[in-house]
Amino acid sequence: MKVGVLALQGDFREHLSALGECGVTGKLVKTASEIAEIDALIIPGGESTTISKLANSFGLFDLISKRITDGMPTYGSCAGMILVAKSILDPASGQETFGGIDMQVRRNAFGRQTESFEVDLELVGISGAPLRGVFIRSPWVESYGSGVDVLGSLEVDGKSHPVAVQEGRVLATSFHPELTGDNRVHRYFLEEVCNK
Amino acid sequence: MSKANETEVGGARVKRGMAEMLKGGVIMDVVNVEQAKIAEDAGAVAVMALERVPADIRAQGGVSRMSDPDMIEKIQAAVSIPVMAKVRIGHFAEAQILQTLNVDYIDESEVLTPADYEHHINKWNFTIPFVCGATNLGEALRRISEGAAMIRSKGEAGTGDVSNATTHMRKIGGEIRRLTSMREDELYVAAKELQAPYALVKEVAETGKLPVVLFTAGGIATPADAAMMMQLGADGVFIGSGIFKSGDAAKRAAACVKATTYFTDAKVVADASRGLGEAMVGINVADIPVPHRLAERGW
């Protein structure tokens with residue numbers, strides 16, 4: 001199975017090395033022909049506006065969107081979560097998403113960089129010690145459809161907000177497992193999501 | 001379920017991680033809301049809010065300071081991408097002010113007039129991450145030991161002359177490569193010569209890279225400049241005066257974003273370079289008397 005990491009902008013190299021530590025040689029992809037060849041895709045953390053604008057100006061947008069719709073296993077972290085959402089509550093002007101999960105996300109939901117944080121998380125499907133979640137200007141899931149499984153949530157001011165979700169073969173996290181050296185989310189993607 | 005009040009904020013990982021998210025992107029200097037929106041629409045990963053771009057600071061002279069909080073907040077309200085702002089070298093009170101404004105990154109910048117000719121800010125005292133300029137590896141590691149979560153080359157800001165940025169990127173890269181080829185017992189002297197903490201020198205020798213993200217800045221004005229800097233090992237690009245001191249700013253901004261992503265594909269960079277209108281006129285660094293060179297500031 002060829003796993004591509006979308007390399008338009010963001011921390012794609014960290015995802016590539018996380019894949020490597022799981023024993024999978026990933027490939028950085030940023031052209032239509034490269035994207036056509038892969039069997040699964042990771043959309044990294046970064047600036048979601050920049051990634052979607054670049055995908056648009058290089059004619060990759062519809063291709064990625066169609067491949068996800070056609071069932072290509074896809075995992076998005078942070079900006080990647082925004083890009084696989086069906087819609088954005090507060091989009092920048094003209095900002096679009098690839099889609100993949102029937103949910104609406106709120107960008108920068110936890111606040112600006114001073115509010116960026118780490119926290120221990122319990123996630124469905126990830127056994128062992130709690131996972132250290134690194135949240136950097138992260139989104140959360142504001143609302144979601146009945147087909148979406150919530151794998152993890154975070155409580156803010158008494159309200160629960162999903163921060164890890166899956167619908168079929170598309171996985172998304174608000175946080176950045178690729179920055180921690182703990183590859184359990186990547187393993188979950190490779191073993192549970194890609195084989196679903 | 002985990003609660004957000006059990007969280008750790010302002011740690012090195014979220015500070016350095018923030019810069020990781022900017023990689024492969026372009027950060028643009030903007031002086032007003034209109035420019036900030038143009039930058040965001042062009043695909044900038046962040047904007048640097050300041051009252052005068054370096055080219056104007058150079059032309060107008062005088063003491064250059066942190067921007068008016070009102071101006072920074074207007075830009076924060078206008079765009080959703082991260083907003084950075086500059087403080088004078090060593091001016092920790094300006095940094096305290098920017099922290100209350102919740103800017104996303106502080107640039108302790110040689111472009112402004114230094115406030116302290118001996119000490120830089122102790123950046124560990126802040127939850128906001130800092131980016132600092134460097135001309136060589138020792139300077140970069142000194143800034144990291146003070147808490148910088150991101151490094152950029154200094155180049156020579158406000159000139160449109162990329163030569164100093166090239167020198168600094170080659171120098172930092174070359175010194176890193178030199179460390180990786182050393183025996184372990186040679187690293188002690190290397191640390192002494194670099195005037196940098198031994199632990200950081202050893203880490204760089206082992207990993208072959210800085211422990212934080214390395215951007216380039218100072219004189220980048222064209223898509224080709226951006227592509228060259230990325231090929232020289234930059235993780236991303238700051239463009240200061242180069243965009244809004246040129247003819248068609250929106251087009252040039254988008255072109256520099258494209259060139260930074262597809263920096264190894266000369267055909268894409270060529271297409272991005274077409275019909276951009278007049279580039280920033282610029283000044284040759286060699287024509288600037290040494291005491292007026294900004295890269296000399298910082299120690």
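These numbers were taken from a predicted model, which means no experiment stands behind them. So you know, we letter chains A, B, ... as the sequences are listed, proteins then strands, and number each from 1.
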Quick one: OG1 on B/Thr264 to NZ on A/Lys30, what's the gap to the nearest 0.5 Å?
4.5 Å
So does A/Gln113 get a backbone contact from the side chain of B/Tyr105, meaning a donor-acceptor N/O pair under 3.5 Å?
no
Which atoms of A/Leu8 are under 4.5 Å from chain B, going by heavy atoms: the side chain, the backbone, both sets, or neither?
both
The interface call for A/Phe135 against chain B, heavy-atom contacts under 4.5 Å, is backbone
Under 4.5 Å from a heavy atom of chain B, the part of A/Glu14 involved:
side chain
For residues B/Ser80 and A/Asn108, is any side-chain donor paired with an opposing acceptor at under 3.5 Å?
no
Quick check: does any side chain N or O of A/Gln9 sit under 3.5 Å from a backbone N or O of B/Met21, one acting as donor and the other as acceptor?
yes
Under 4.5 Å heavy-atom distance to chain B, tell me which part of A/Thr49 shows up: side chain, backbone, both or neither.
side chain
Engaged part of A/Arg112 at the chain B interface, taking heavy atoms whose separation is under 4.5 Å:
both
Side chains of B/Glu8 and A/Arg132, heavy atoms from C-beta outward: is any pair under 4.5 Å?
yes
Closest-packed option against chain A by number of heavy-atom pairs under 4.5 Å, given B/Gly24, B/Ala44, B/Pro82:
B/Pro82
Using a 3.5 Å distance criterion without hydrogens, assess whether the side chain of A/Thr114 forms a donor-acceptor pair with backbone atoms of B/Ile128.
no
Expected output: side-chain A/Glu118 to main-chain B/Val9 donor-acceptor under 3.5 Å:
no
B/Arg16 CZ to A/Ile136 CD1 distance, which is reported to the nearest 0.5 Å:
12.5 Å
A/Ser57 versus B/Lys258: any side-chain heavy-atom pair under 4.5 Å?
yes
One should read off an interatomic distance between A/Phe117 CZ and B/Arg13 CZ, to the nearest 0.5 angstrom, of 13.0 Å
